[in-house]
Number of protein chains: 2
Amino acid sequence: MKIAPTWEYGLRCLLQIARAQEEKSLSIPQVAREEGLSVAYVGKLLNRLGKAGIIQGRRGRRGGYVLAKDAAAISLYEVFQALADPLSRFEDCQSYPGALQECIHMVQNTCSILPVWRRLDLLVKRTLSSVTLQEVLKEGTAYEQNREWVNGQNSAALLVKQA
Amino acid sequence: MKIAPTWEYGLRCLLQIARAQEEKSLSIPQVAREEGLSVAYVGKLLNRLGKAGIIQGRRGRRGGYVLAKDAAAISLYEVFQALADPLSRFEDCQSYPGALQECIHMVQNTCSILPVWRRLDLLVKRTLSSVTLQEVLKEGTAYEQNREWVNGQNSAALLVKQA
DNA sequence: AAAATACTTGACTCATGAGTAATGATTTGA
DNA sequence: TCAAATCATTACTCATGAGTCAAGTATTTT
């Protein structure tokens with residue numbers, strides 16, 4: 001699947017702020033320098049995270065950003081929701097009718113392809129919701145070394161439709 | 001998650017061709033009229049599906065499109081792969097380094113956020129691969145009425161990371 | 001206070017995918 | 001054979017998200 005640049009860059013900046021914790025706040029220029037991104041761009045991304053209540057900014061001479069709540073209480077889902085362009089948040093089963101009044105793929109009063117969208121949407125949401133920022137921070141110890149997580153062998157058995 | 005217009009429109013056009021089977025081929029104008037889309041747009045979408053070997057076009061007076069293989073042998077994954085813009089197919093763990101030579105989020109020689117991308121990518125691929133066009137056609141009978149499919153309750157248990 | 005640092009906000013430019021338009025090539029049928 | 005119908009191909013326009021720019025506001029330090 002396609003990962004939006006906003007997601008990757010935003011998450012990386014957020015990880016830095018999270019790692020710097022211990023009451024040390026990080027300024028936009030600091031994060032930008034470390035990540036090799038422009039100050040303006042980092043400012044925009046962190047601003048979105050701030051408005052979503054994930055991090056908290058403090059202006060002034062010794063200002064900067066700090067996590068607004070514990071890393072264990074921040075799910076990747078809310079992070080990506082915050083980073084997405086304000087006009088294109090996740091939506092439930094968004095659908096495009098075209099020029100017609102109504103989709104013609106209706107069987108017994110239901111659109112026949114809606115379940116596919118629902119399924120995908122649900123999977124992504126559930127996956128992102130189940131991972132917290134703290135878990136991503138503790139790499140090499142937690143979920144990443146778990147073969148289950150990486151190639152999802154067992155869970156795959158349930159994802160395949162029941163014959 | 002965001003469903004690309006190309007996906008929805010393309011799949012709908014494909015479903016029509018699949019339903020029309022019985023040796024009846026559908027022309028681009030026919031499909032366009034039924035779906036309420038422009039002839040040019042439908043032509044573009046079906047052209048992509050044709051190049052991917054999913055449908056087969058025949059020119060001339062009584063030409064049109066027919067499925068190139070059995071509906072049961074066509075997975076949604078290959079359909080979406082075919083419909084995607086040629087330059088932006090699915091990629092494995094696409095990553096954006098920024099201006100730096102190397103991502104700085106490396107813990108023990110691994111990027112700490114890569115597993116998240118891998119996970120998402122795998123889930124989507126696996127889900128789409130497990131559904132065939134034939135199943136989408138037979139609505140109201142197969143997977144859609146299965147509560148498991150719609151809200152994924154049981155499978156969710158495995159998706160949540162193992163404590 | 002005043003100056004320096006840093007977040008905030010809104011408008012702007014640019015790349016990319018959505019959707020259109022026009023032309024060429026192939027088959028059918030009269 | 002010729003014309004109509006149809007797919008094939010390429011170039012184009014337009015909307016949207018990525019990323020930039022610039023001016024404004026708040027806080028700290030001197």
Side-chain angles (χ1 to χ4, degrees), chain A residues 2-10 12-13 17 24-33 35-52 54-66 68 80 82-91 94 96 98-99, chain B residues 2-10 12-13 17 24-33 35-66 68 80 82-91 94 96-99:
Chain A
K2 183 183 170 191
I3 302 296
T6 308
W7 282 15
E8 172 148 345
Y9 289 137
R12 275 164 51 180
C13 293
I17 293 171
K24 282 191 289 276
S25 68
L26 280 187
S27 72
I28 293 175
Q30 277 178 313
V31 174
R33 195 179 325 117
E35 291 289 350
L37 300 175
S38 78
V39 171
Y41 190 32
V42 171
K44 185 178 197 171
L45 296 177
L46 293 187
N47 190 18
R48 285 181 184 172
L49 292 175
K51 277 183 183 164
I54 295 173
I55 58 180
Q56 176 141 21
R58 244 188 73 183
R59 307 200 218 187
R61 189 73 194 279
R62 286 180 57 77
Y65 277 104
V66 186
F80 290 162
L83 287 172
D85 203 296
L87 295 178
S88 69
R89 304 271 193 241
F90 289 123
E91 293 188 14
Q94 159 188 26
Y96 309 88
Chain B
K2 184 183 170 189
I3 303 296
T6 308
W7 282 15
E8 173 147 347
Y9 289 137
R12 276 164 50 181
C13 294
I17 293 172
K24 284 191 289 274
S25 68
L26 280 189
S27 72
I28 294 176
Q30 279 178 311
V31 174
R33 194 179 327 117
E35 291 289 349
L37 300 174
S38 78
V39 171
Y41 191 32
V42 171
K44 183 179 197 171
L45 295 177
L46 293 186
N47 189 20
R48 285 182 184 172
L49 291 174
K51 279 184 181 163
I54 296 173
I55 58 181
Q56 176 141 21
R58 242 188 75 184
R59 304 198 219 191
R61 190 73 193 281
R62 287 180 57 79
Y65 278 105
V66 186
F80 290 161
L83 287 172
D85 203 296
L87 295 178
S88 69
R89 304 267 193 247
F90 289 123
E91 294 188 13
Q94 160 189 27
Y96 310 87

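Residue numbering restarts at 1 for every chain, and letters A, B, ... go by the order of the sequence lines.
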Taking any heavy-atom pair under 4.0 Å as a contact, classify B:G64: base, sugar-phosphate, or nothing.
sugar-phosphate
Give one of base, sugar-phosphate or nothing for B:I28, where a contact means two heavy atoms less than 4.0 Å apart.
sugar-phosphate
Under 4.0 angstrom between [X] side-chain N/O and [N] OP1 or OP2:
{"X": "A:Y9", "N": "D:dG17", "result": "no"}
{"X": "B:Y41", "N": "D:dC14", "result": "no"}
{"X": "A:T6", "N": "D:dA18", "result": "yes"}

Nucleotide of [options] approaching [X] most closely (side-chain heavy atoms):
{"X": "B:D85", "options": "D:dG19, C:dA18, D:dC7", "result": "C:dA18"}
{"X": "B:K44", "options": "C:dA18, D:dG19, C:dC7", "result": "C:dA18"}
{"X": "B:K51", "options": "C:dT8, C:dT20, D:dT9", "result": "D:dT9"}
{"X": "A:A40", "options": "D:dC7, D:dT20, C:dT8", "result": "D:dT20"}

Any idea which heavy atoms bring [X] and [Y] closest together, and the distance?
{"X": "A:V66", "Y": "A:S25", "answer": "CG2-CB, 3.4 Å"}
{"X": "A:C13", "Y": "A:L37", "answer": "SG-CD1, 4.2 Å"}
{"X": "B:L49", "Y": "B:A82", "answer": "CD2-CB, 4.1 Å"}
{"X": "A:T6", "Y": "A:L83", "answer": "CG2-O, 3.2 Å"}

Nearest-Å distance for atom pair [atom1]/[atom2], residues [X] and [N]:
{"X": "B:R33", "N": "D:dT6", "atom1": "CZ", "atom2": "C1'", "value": "13 Å"}
{"X": "B:R48", "N": "C:dG19", "atom1": "CZ", "atom2": "P", "value": "11 Å"}
{"X": "A:L46", "N": "C:dT8", "atom1": "CG", "atom2": "P", "value": "9 Å"}
{"X": "A:L26", "N": "C:dT5", "atom1": "CG", "atom2": "C1'", "value": "15 Å"}
{"X": "A:Q56", "N": "C:dA6", "atom1": "CD", "atom2": "P", "value": "18 Å"}
{"X": "A:I55", "N": "C:dT8", "atom1": "CD1", "atom2": "C1'", "value": "13 Å"}
{"X": "A:L45", "N": "D:dG17", "atom1": "CG", "atom2": "C1'", "value": "12 Å"}
{"X": "B:Q30", "N": "D:dT6", "atom1": "CD", "atom2": "P", "value": "7 Å"}

Hey, what's the ring geometry for B:F80 with B:W7, parallel, tilted or perpendicular (30° and 60° as the breaks)?
parallel
Heavy atoms of other groups near B:Q56 CD, more than 12 under 6.0 Å
no
Classify every nucleotide of nucleotides 23-30 of chain C by which part a protein heavy atom approaches to under 4.0 Å, writing B for the base, S for the sugar-phosphate alone and - for neither, in 5'-to-3' order.
-BBBBBS-
In Å and rounded to the nearest 0.5 Å, what is the CG to CD distance from B:L45 to B:E8?
11.5 Å
